[in-house]
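Input: a single structure, listed below in structure tokens.
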Amino acid sequence: MSWMTALPFPPRRTAALSALVAMAAGPLYAQTAAQPAAAPMPAPARPDERDLPITMRAEEFSGRPDRILNMVRNVEITRGATGVTADTACYRRVEDEVTAEGNITMWRFGDRYKGDALQLNLETGKGWVLHPAYRLAANNAQGKAQRINFLGEDQAVVVDGTYSTCEGPDPDWYLKSSTLRLDQGRDVGTAGKTIIYFKDVPIIGTPALSFSLSGARRSGWLPPTIGFGSKGSAELMVPYYFNIAPNRDLTLFPRYIFARGLQLGATGRYLGETDRGPYHGETHVEYLAGDRLAHRNRWWVDTLHNQFLAPNWTFGWNAHAASDNEYPSDFSRTVAASAERQLLRELRTDYYGQYWNLTARVQSYQVLQDPGAVLNPALTVATPYNRLPTLNFHAGRYDVLGGFDWSVDAEATRFSHPDDNQVQGNRANMVAQVSYPWVHPGWFITPKVMLHATQYDLTHNVNTDDKISRVLPTFSLDSGLVFERKSSLFGPDGTQTLEPRLFYVRTPYKNQADIPNFDTGVAGFNYAQLFTENRFVGADKVSDANQLTAAIVSRFIEANGAERLRLAVGSRYYFTDPRVRLNSNEQSNQTRSDALVAASGRISESWSFDSGVQYDAQARSLYSSNVGVQWQPAPMKVLNLEYRFQRDTFGIANGFRNVDVSGQWPLSHRWYGVTRVSYSVRDRKLLESLVGLEYKADCWVFRMGAQRFVTAAQTTSTPIFFQLELNGLSRLGFGNPLETFNKSIPGYTRLNTNVGRP
């Protein structure tokens, strides 16, 4: 074989064959409504090859080296990371152009192309390849075409070409387009008539297609979604995505609900930063004119915004609204959405310094009554008070004047209510506290003194004076010991701790029966609440207290610091029975609170559990319990079992006894099953169920399933879904099973975790 290294020719701009690489990002990712973000990271810089020499090898050379070189048999032409092999080739030095025929192979930065003939002008980047087959290194994509035309350094047109990320000569899926124009300079790919084939069967087609070459979001139609909404109504949604800017987007989703009519929706999102600081927000709107079932217009609005007005000054709002009480029942697609009955509207601003912060806000609610409340008044949703406005101030410091901690919380609120017969008025409240912690290795003691001061100015208060004041002191003493020892329960290098703790609280009694209840409730009883001074949340009630909390915690800690197991037991003992009551149904003559027992941890690398028991010592019976176990021996293998129980309280049927089972498990080499069942043992009623199947191929995933859940007391929703995900291209089908599986099954693992977005 003869070979020749041409000395550096006069500097010319080397053609960029990378226009072909753009095919990888063309139809690879259909648009999805992702959070607005900054522009994608640019591709790694490629070396400049224009000054590199060209190396040519062949069995036979002819021509004039200063004008034209003809090469025959086993031809190889390379410059840097770009090369061509062929049966015959011709290089024209003046034009800086290569032509080649017969068994063409071309490579460029890991991408390879095979064809019958090639022409490429290295200066202008113009040329063509006939009957190419290509493979792209960036995403392992491949395809074939009748011809690829290079229009310049950054532009190429693929004529009658295919594209797929599947391995092998006969891919399971591919798309075929009449023309595919790739413009790297503008990061735009534009396709003519395009058809997607699955198992050689055309499944969807489009007359035109536009997309981003780099994988960045770009305006265009999103894949249509066909499904069944609440109450089994079939629907079709065809969203359109506007990529307004790298940090702003808008999605319009016309949805035709066959039983109700055409619903129009939009979601706009934005984020950014000014010289004062960052901002972000999102607004979602739905509107259905002339609902054929409800015979009225239906709508829903969610809007959220937060921003910095100055370096230490923020502003924002959070508002939700609906046209009617039944909107969540009729249109919700999740259990959480169907249960949303108190819609918050809030406008707030915050200003803060190093040791203090000030918040001002106005807050109101729209209450959506459960449709079942007509037959069952117990389902009636209470209307909370509006705060118009409220001011909150907090200041505090740690370790001052030799070790003291102090803080002050002050609040001023105007409470109003839609019902004019309800007590309304103003409340000013201040809580000041100072403590002195002694913390040493193995023990700590923290005495604390608090002062509650509250003033009311009321209207519509028919039972007592309009002006009420209350001042109450509180003393608490928190103390604990920490013992450690080596433990071999979970390994030879582990540590076991034993942490007993005592917490004493003393607050004198003051009659508060004349004080209205604007926003106060009994705090949920849990381990953290055992170590708080007030058993109420909210400022309207301050519980009298002469009580002691005793608790003990034991932890098993691995050598790397990870907590393997935690055991906790605690209870509160009353030296005097608390006399301040929120309502007459509260239990009296208590000598001790319920006892709490909790255990959680990771038994092994695949087993974990979480459990808790609340035992009513007064009645000598179990009040509530929950036990949850998870087994996850490997990705895509998880089983969850949870049991929850709570008895009725105060003569109200608010208890439950539920069993929840969920999991994801392989049924064969490629088939996976997913399921969840939530069952009320007490009511003998299925609360929620989900069953699904997934099939994982090398370059695609198929999902199918059905879900049923309660949206209100009298209604249920039963959506079904089918989805075909073509790795690196799009998801096609009915509904969104991937989102459902993620939310319903703790520990669920997506089958193709290395492809696209979750």
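To the nearest 0.5 Å, the span separating OG1 on T303 from NE2 on H320 amounts to 9.0 Å. Here I104 contributes atom CD1 and T88 contributes atom OG1; the two are 7.0 Å apart, rounded to the nearest 0.5 Å. Atoms OH and CG, on Y748 and N640 in that order, are 13.5 Å from each other to the nearest 0.5 Å. Residue K637 holds its NZ atom at 7.5 Å from CH2 of W631, rounded to the nearest 0.5 Å. Distance check, rounded to the nearest 0.5 Å: CG of N658 to NZ of K685 gives 11.0 Å. Separation of atoms CH2 (W173) and CG (N727) is listed at 8.0 Å; rounding is to 0.5 Å.
A distance-only check finds no donor-acceptor pair linking the side chain of S678 to the backbone of D660 [under 3.5 Å]. Judged by distance alone, the side chain of S178 and the main-chain N or O of G192 form no donor-acceptor pair under 3.5 Å. Checking side-chain atoms of R564 against main-chain N and O of R602 turns up a donor-acceptor pair under 3.5 Å. No donor-acceptor pair closer than 3.5 Å links the side chain of E642 to the backbone N or O of S662.
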When you look at T675 and W665, which way does the side-chain contact (heavy atoms from CB on, under 4.5 Å) test go after all the steps?
CA-CA 9 Å; T675 186; W665 203 260; over 6 Å; no

Take Q263 and E235 through the side-chain contact (heavy atoms from CB on, under 4.5 Å) test and state the conclusion after the steps.
CA-CA 10 Å; Q263 181 188 63; E235 58 185 46; over 6 Å; no

For side-chain contact (heavy atoms from CB on, under 4.5 Å), just list the numbers for R670 and D698, CA-CA rounded to whole Å, side-chain angles, deciding distance to a tenth of an Å, and then say yes or no.
CA-CA 10 Å; R670 294 188 180 274; D698 294 331; 3.3 Å; yes

Passes side-chain contact (heavy atoms from CB on, under 4.5 Å), I203 versus L724? Steps please.
CA-CA 11 Å; I203 59 174; L724 175 64; 4.1 Å; yes

E167/R135 under salt bridge (Lys or Arg N to Asp or Glu O under 4.0 Å): CA gap, chis, key distance, verdict:
CA-CA 10 Å; E167 294 281 355; R135 180 173 293 276; 3.7 Å; yes

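The shortest heavy-atom contact between L565 and S600 is CD1-O, 3.4 Å. The two atoms that bring D683 and S680 nearest to each other are N-OG, 3.2 Å, heavy atoms only. Scanning all heavy atoms of the two residues, the minimum distance from V638 to P746 falls at CG2-O, 3.6 Å. Between F702 and F722, the closest heavy-atom pair is CZ-CD2, 4.2 Å. Nearest heavy atoms, L250 versus A266: CD1-CB, 4.3 Å. The shortest non-hydrogen separation linking V659 to Y643 is CG2-CD1, 3.8 Å.
The shortest side-chain heavy-atom distance between W300 and P328 falls under the 4.5 Å cut-off. The closest side-chain heavy-atom distance from E725 to L751 is not below 4.5 Å. When side chains are defined from C-beta on, T105 does not count as touching E76, because their heavy atoms never get closer than 4.5 Å. Residues R57 and N74 are not in side-chain contact: their nearest non-hydrogen atoms beyond the backbone lie 4.5 Å or more apart. Using a 4.5 Å heavy-atom threshold, the side chains of V158 and S177 count as separate. V629 places a side-chain heavy atom less than 4.5 Å from the side chain of W607. Residues L288 and F331 have side chains in contact (heavy-atom distance under 4.5 Å, counting atoms from C-beta outward). In this structure, the side chains of L180 and Y163 stay at 4.5 Å or more apart for every pair of heavy atoms.
Note: F198 and W700 have perpendicular aromatic rings, judged against thresholds of 30 and 60 degrees for the angle between ring planes. Using a 30° and 60° split on the angle between ring planes, H284 and F253 fall in the parallel class, below 30°.
Salt bridge status for R703 with E694: present, with a side-chain N to carboxylate O gap under 4.0 Å. With salt bridges taken as basic N to acidic carboxylate O contacts below 4.0 Å, none links E739 and R750.
For S744, the side-chain contact (heavy atoms from CB on, under 4.5 Å) partners two or more places apart in sequence, or in a different chain, are R676, E688, L690, Q707, T740. Remark: Q664 engages no residue in a side chain to side chain donor-acceptor pair (under 3.5 Å) (not counting sequence neighbours). Qualifying ring pair (Phe, Tyr, Trp, His ring centres under 6.0 Å) partners for F258, counting only residues two or more places apart in sequence or in other chains: Y256.
At most 12 heavy atoms of other shown residues, nucleotides or ligands fall within 6.0 angstrom of atom CD in E101. A 6.0 Å sphere centred on NZ of K696 holds more than 12 heavy atoms belonging to other residues, nucleotides or ligands.
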